[in-house]
Amino acid sequence: MKKSKILLPILISIFLILVMVLSGCPTPPAEEVTEEVTEKEAEPAEEETAAITEPVTIHFWHNYDAGAGQIDVLDQLISQFEQANPGITINQVYLEWQGLKNNVVAGATTGMLPDVLRGDIGFVPQFQALDVLVEMDTAFSDYADAADAVLEAPNSTAKAGDHYYGIASNTNTKILYYNKDLVTTVPTTLDEMWATAEEVSSEDVIGFCEAWMGGWNLCQYIWSYGGDILAPDYSTATGYINGSVAVTVIQKLADLYAVGAFSGPTIDPGAPPDTDGMGTGKYAMTIDGPWKAKDLSAKYNDLQYGAVQMPAGPAGSIGVLGGEDFMMFKTSDAIHQDAAWKFIKFMTGKDAQVEMAKVGQMPVNKEALADDEVLEAMPLLSIFADALQTCKARPVTPKWGDMEGIINTKATEAVLGQKPVQTAMDEAAAEIDALLQQ
Amino acid sequence: MNMLKKPGIKPIFIKNKRILSSHILIRYLLLLLGLTVMVTPMIYMITSSFRPNSLTFAYPPKIIPDASELTVENYLYILFKQNFSKYMLNTLYVAGAATILPAIISSMLAYCISRFRFPGRNIIYGTIITTMLIPGLAMLVPQFELAVKFKLVDNLWGVILFYTAWVTPFSTFLIKGFIDNIPRELDEAMYMDGGTVFTIYRKVILPMASPSIAAVSIFNFLFAFEELGWSQTILRTDQVRTLPVAITQFFQAHNRTDWGYVFAMTCLSMIPVIILYLLLQKYFISGLSSGAIKE
Amino acid sequence: MTTSGVFFRTSKYFRKKDNIRMLLLLVPGLVVIVMFTFYPIIKMFIMSFFDWKIGYNQVSPFVGIKNYLAVFSDPIAGIALTNTIFYAAVTVPGQMILGLLAALLINGIRKFGVTFRLLYYLPVVTSWVIVSLLFRYIFSNNGLLNYLLTDVFKWIPEYIGWLSTRWLAMTSTTLLGIWKGIGWNMVIFLAALQAVPVEYYEAASIDGAGSIQKFFYITLPNIKGTILFCTVMLTIGAFNTYTPIAVITGGNPAHQTEIVLTWMYYQTFSSLKMGYSAALSFLVAGIVAIIAVILFKVLRHERI
């Protein structure tokens with residue numbers, strides 16, 4: 001009888017001890033790292049030239065496209081860099097676009113972050129809000145020189161507040177791709193484009209395709225018609241995302257969808273993906289970036305397609321500025337940060353940018369843009385260069401990810417006809433305003 | 001005409017010889033119809049893996065491709081230009097460890113819970129059943145913090161240990177049900193021969209419960225080949241990536257989907273699971289059901 | 001006949017030292033489960049009462065039941081729950097009925113039984129990622145299914161957007177769920193059927209019972225335990241589904257095909273609302289537990 005009273009308490013105590021031990025511990029790592037980092041941030045300038053004496057491994061997260069051959073080129077560039085910089089090893093990790101963000105989110109709570117990340121320009125304000133990015137213009141004395149070598153507008157996407165938290169890696173905007181067999185007269189204005197979409201649509205063809213309905217897709221139309229999605233000071237969305245211009249644009253898309261002239265894989269998960277749809281002649285037109293040319297020629301050699309500037313609306317042909325930036329994280333110690341910065345400078349240097357251009361990555365490096373090899377590899381470069389002159393960046397705010405999700409959801413509902421467009425956009429405005437208040 | 005006495009014939013729907021044939025014929029027909037539905041998608045996948053990528057969205061789709069279209073380029077690409085063998089080895093390693101460990105742990109646990117009455121037993125059993133209800137994926141963030149603390153990130157053991165934890169409750173449950181049906185006299189016999197609890201475990205329980213252990217093992221093995229959320233979070237670098245993550249690499253991005261590569265990869269990755277299944281299938285069917293059937 | 005080892009009494013031959021040995025067998029399993037599963041559950045429960053932030057140094061304010069209220073007032077959470085219940089309500093009976101049917105058919109044939117069993121079980125041992133991709137491909141607008149329906153069998157004039165709208169997409173996913181699970185049920189029911197004593201059927205035959213009567217009065221009652229087991233396990237499994245929807249629709253269009261786990265994942269990573277997703281996980285776990293208990297009581301009660 002005595003023994004029976006002992007075991008249960010023993011079991012319970014083991015359990016409680018485990019729980020206490022485990023729940024007691026989680027917070028220290030975050031605090032420890034904070035102390036480390038605040039100490040080390042004061043030192044990097046001195047340590048820069050002391051440089052790499054012991055072998056160092058840099059973790060580099062990216063989402064270069066394997067199918068386009070970009071990862072092969074990346075591997076080549078990495079071995080080139082490693083040979084020129086003995087002692088530094090680069091460990092590259094591919095993560096798909098959403099996974100990149102997810103893993104930074106998961107890593108932010110535990111301090112397990114990479115040394116370098118190449119991610120969408122929209123990530124910079126979002127990651128900065130998590131307070132994990134290195135303030136690059138203050139951390140590295142030669143930041144200004146590196147920034148000078150690249151185009152200004154794309155690099156401005158790396159700025160959040162007063163400081164730069166990254167440097168441009170590649171840039172892009174979008175132009176109109178059309179199937180030459182289906183589209184005989186190339187539209188020059190957006191209204192013409194909608195009309196063409198309706199004309200060429202039939203049972204087997206959908207005139208126009210947009211991959212999804214976020215800001216990335218809709219902003220260009222809304223801006224080109226003279227509207228906007230947020231107030232210029234980002235204080236509110238009411239009157240903008242649900243303003244008359246935005247509603248007219250989305251109404252147009254809804255009408256086109258209703259007659260089978262508009263679709264896309266997110267609006268309709270059963271529809272073919274945008275590249276494959278273009279390639280097989282299912283979609284007649286789409287507006288997309290430089291990678292589309294590479295994707296199409298790689299997989300669908302027979303397709304006769306043309307590319308022109310995005311047709312203009314009444315306010316002009318205002319495209320959306322896209323691209324990726326390199327970012328660095330506070331969790332890396334000084335030695336890793338230095339090595340990471342070396343790698344970033346290499347990747348934004350002329351040679352690396354030229355190589356990447358050959359696999360569809362439009363360079364930001366000014367010298368590379370003038371290089372013959374690049375012009376040869378990207379015949380559409382001049383069209384993009386022109387488009388870059390008139391394009392505009394999406395709102396730079398940490399809440400952009402959520403906002404774009406709201407826009408995507410509501411616009412999709414509107415286009416599918418589940419709600420009147422005005423209602424859907426009013427809801428969107430209300431939700432975005434709620435976000436902005438927080 | 002009494003067929004009931006003939007050996008080897010299941011007496012359920014048999015009345016006499018004439019009805020015997022038509023009944024049986026109908027069965028075969030229905031089963032074949034069902035088989036077509038069950039198996040056609042798999043055949044489609046295999047044949048699609050032998051077609052070039054550019055044809056995957058061509059209409060009309062073909063279940064049996066023309067001979068002229070057949071190509072092994074997808075397989076060559078996967079095997080030689082991608083680190084397929086590394087992914088496969090990683091996955092096999094994880095699958096192996098995450099099968100053997102739970103097998104041992106849950107059989108030990110099931111044995112204790114089934115055979116012994118100790119205070120707290122019901123609480124513990126109840127806890128185990130409760131944890132079955134909650135998917136491992138829902139506890140992503142706390143588990144990630146745990147993995148960091150034990151330095152398990154980017155390490156195959158970070159995946160193995162958590163998979164073990166996730167599958168142990170159900171495995172324990174099933175094996176316990178099976179052990180309940182093993183007569184206690186066998187235990188008694190071992191005790192009389194001077195055995196201890198350990199001996200009973202090794203010599204009586206393990207062999208007799210092996211069908212149920214085989215049953216849970218096939219699922220635990222499969223788990224490493226299909227789990228995506230956790231492996232994507234823990235396994236970062238290419239060196240340690242497993243197949244589900246690698247397959248995801250290809251079908252991602254709204255830009256395009258190289259179904260040819262995807263299917264080549266999936267077909268190859270099915271092979272180990274199928275082999276294990278064929279090896280174990282004799283054993284595990286009774287194991288699965290005995291745990292399920294309760295009086 | 002000592003009665004030491006008193007509180008582990010199962011056998012009069014149990015010795016004192018065996019208590020320790022038993023403890024050794026017990027502990028590894030307990031440690032693993034407590035540390036890697038139970039502790040995170042507790043942590044999640046705590047998290048659900050905070051506006052949990054995962055930034056670098058950010059403090060998570062305590063918000064009481066605000067997260068739970070947010071879940072209740074969120075329309076998409078409602079959509080996710082409805083979708084999940086629909087999925088469970090269709091796949092669970094669907095798999096079981098078809099699985100039972102297959103088992104009955106296979107039970108009565110002499111040849112090729114093993115072959116049929118093997119092939120029917122094939123989808124069960126194929127990974128979810130693979131079959132979801134496969135079905136996405138087959139069910140797309142220009143995919144195999146539409147091709148068969150419109151051009152080969154000519155049953156419908158125009159293609160159906162199987163993945164395009166909420167209920168069609170959910171139906172397609174449930175078809176996938178049923179297809180994948182038939183083999184599992186079949187195997188279990190086969191064994192259950194073979195456990196029913198032959199004499200019952202013989203006696204019934206002598207009494208002049210027909211096949212249908214035999215099924216309802218002999219077969220069904222004797223496999224009730226199995227039916228209960230399958231129902232509970234499959235229901236739990238249905239609520240724990242993630243991969244099929246994540247791969248096939250990703251919750252599109254406009255979050256209308258979300259199920260509880262995919263929505264929770266989205267809230268955790270895309271919206272960074274950890275407290276919300278913790279609350280959602282707990283609510284779902286609670287619902288599953290209640291359903292499991294109800295099923296258990298109801299089906300148990302029906303037995304004689």
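Order of the sequence lines sets the chain letters (A, B, ...), proteins ahead of strands, with each chain counted from 1. No experiment lies behind these values; they were computed from the predicted model shown.
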**Message:** Please classify the contact of C/Thr150 with chain B as side chain, backbone, both or neither, using a heavy-atom distance under 4.5 Å.
**Reply:** side chain
**Short side-chain to backbone donor-acceptor contact, B/Arg27 and C/Asn107, under 3.5 Å** = no
**Asked** To the nearest 0.5 Å, what is the distance between CE (C/Met233) and CG (B/Leu174)?
**Response** 8.5 Å
**Asked** If you take all heavy atoms of C/Pro28 and B/Ile105, which pair is closest and at what distance?
**Response** C-CG2, 4.3 Å
**Top of B/Gln143, B/Met38, B/Met108 for chain C proximity - count of heavy-atom pairs under 4.5 angstrom** = B/Met38
**Request:** Can you sort out the partners of C/Ser281 under side chain to side chain donor-acceptor pair (under 3.5 Å), two or more places apart, ordered by chain and number?
**Result:** none
**Message:** I need the C/Tyr39 OH to B/Leu146 CG distance, nearest 0.5 Å.
**Reply:** 6.0 Å
**Prompt:** Is any side-chain heavy atom of B/Ile274 closer than 4.5 Å to a side-chain heavy atom of C/Leu122?
**Reply:** yes
**Prompt:** For the candidates C/Trp128, C/Phe135, C/Trp179, C/Phe189, which exhibits the highest count of non-hydrogen atom pairs separated by less than 4.5 Å from chain B?
**Reply:** C/Trp179
**Asked** Is the B/Tyr28 ring parallel, tilted or perpendicular to the C/Phe116 ring (thresholds 30°, 60°)?
**Response** tilted
**Asked** Where is the tightest heavy-atom contact between B/Leu278 and C/Leu118, given as atom of each residue plus distance?
**Response** CD2-CD2, 3.6 Å
**Prompt:** Where the side chain of C/Tyr120 meets the backbone of B/Leu31, is there a donor-acceptor pair that is under 3.5 Å apart?
**Reply:** yes
**Prompt:** Tell me, side chain or backbone of B/Ser107 under 4.5 Å from chain C's heavy atoms, or both, or neither?
**Reply:** neither
**Prompt:** Step by step, would you call C/Val124 with B/Phe219 a side chain to side chain contact (heavy atoms under 4.5 Å, CB included)?
**Reply:** CA-CA 9 Å; C/Val124 182; B/Phe219 286 116; 3.9 Å; yes
**Contact winner vs chain C - B/Ile113, B/Thr266, B/Val37, heavy-atom pairs under 4.5 Å** = B/Thr266
**Prompt:** Using non-hydrogen atoms only, which part of B/Leu222 is less than 4.5 Å away from chain C: side chain, backbone, both, or neither?
**Reply:** side chain
**Item:** B/Thr172 portion near chain C, given a 4.5 angstrom heavy-atom threshold
**Value:** neither
**Request:** State the OH-CG distance between B/Tyr44 and C/Leu144, to the nearest 0.5 angstrom.
**Result:** 5.0 Å
**Asked** For B/Phe223, what residues pass the ring-ring contact (aromatic ring centres under 6.0 Å, His included) criterion, not counting sequence neighbours?
**Response** B/Tyr163
**Message:** Shorter than 4.5 Å, heavy atoms on both sides: which option in C/Leu98, C/Ile106, C/Thr243 has the most such pairs with chain B?
**Reply:** C/Ile106
**Asked** To the nearest 0.5 Å, what is the distance between CZ (B/Phe162) and OG1 (C/Thr37)?
**Response** 8.5 Å
**Request:** Name the region of B/Phe221, side chain, backbone, both or neither, that has any atom closer than 4.5 Å to a heavy atom of chain C.
**Result:** neither
**Prompt:** Which one of C/Ser127, C/Gly29, C/Ala102 has the most heavy-atom pairs closer than 4.5 Å to chain B?
**Reply:** C/Ser127
**Prompt:** Looking at C/Val32, C/Leu101, C/Asn142, which has the largest count of heavy-atom pairs under 4.5 Å with chain B?
**Reply:** C/Asn142
**Message:** Looking at every non-hydrogen atom in both residues, tell me the closest pair between B/Pro41 and C/Leu134 and how far apart they are.
**Reply:** O-CD2, 3.3 Å
**Item:** Residue selection (most heavy-atom pairs with chain C, distance under 4.5 Å) from B/Leu276, B/Ile128, B/Thr168, B/Leu35
**Value:** B/Leu35
**Prompt:** What distance do C/Leu105 atom CG and B/Ile24 atom CD1 have between them, rounded to the nearest 0.5 Å?
**Reply:** 10.0 Å
**Prompt:** Which distance, rounded to the nearest 0.5 Å, do you find between the CD1 of C/Ile33 and the OG1 of B/Thr164?
**Reply:** 11.0 Å
**Prompt:** Would you say the side chain of B/Met270 lies within less than 4.5 Å of the side chain of C/Ile130, judging by non-hydrogen atoms?
**Reply:** yes
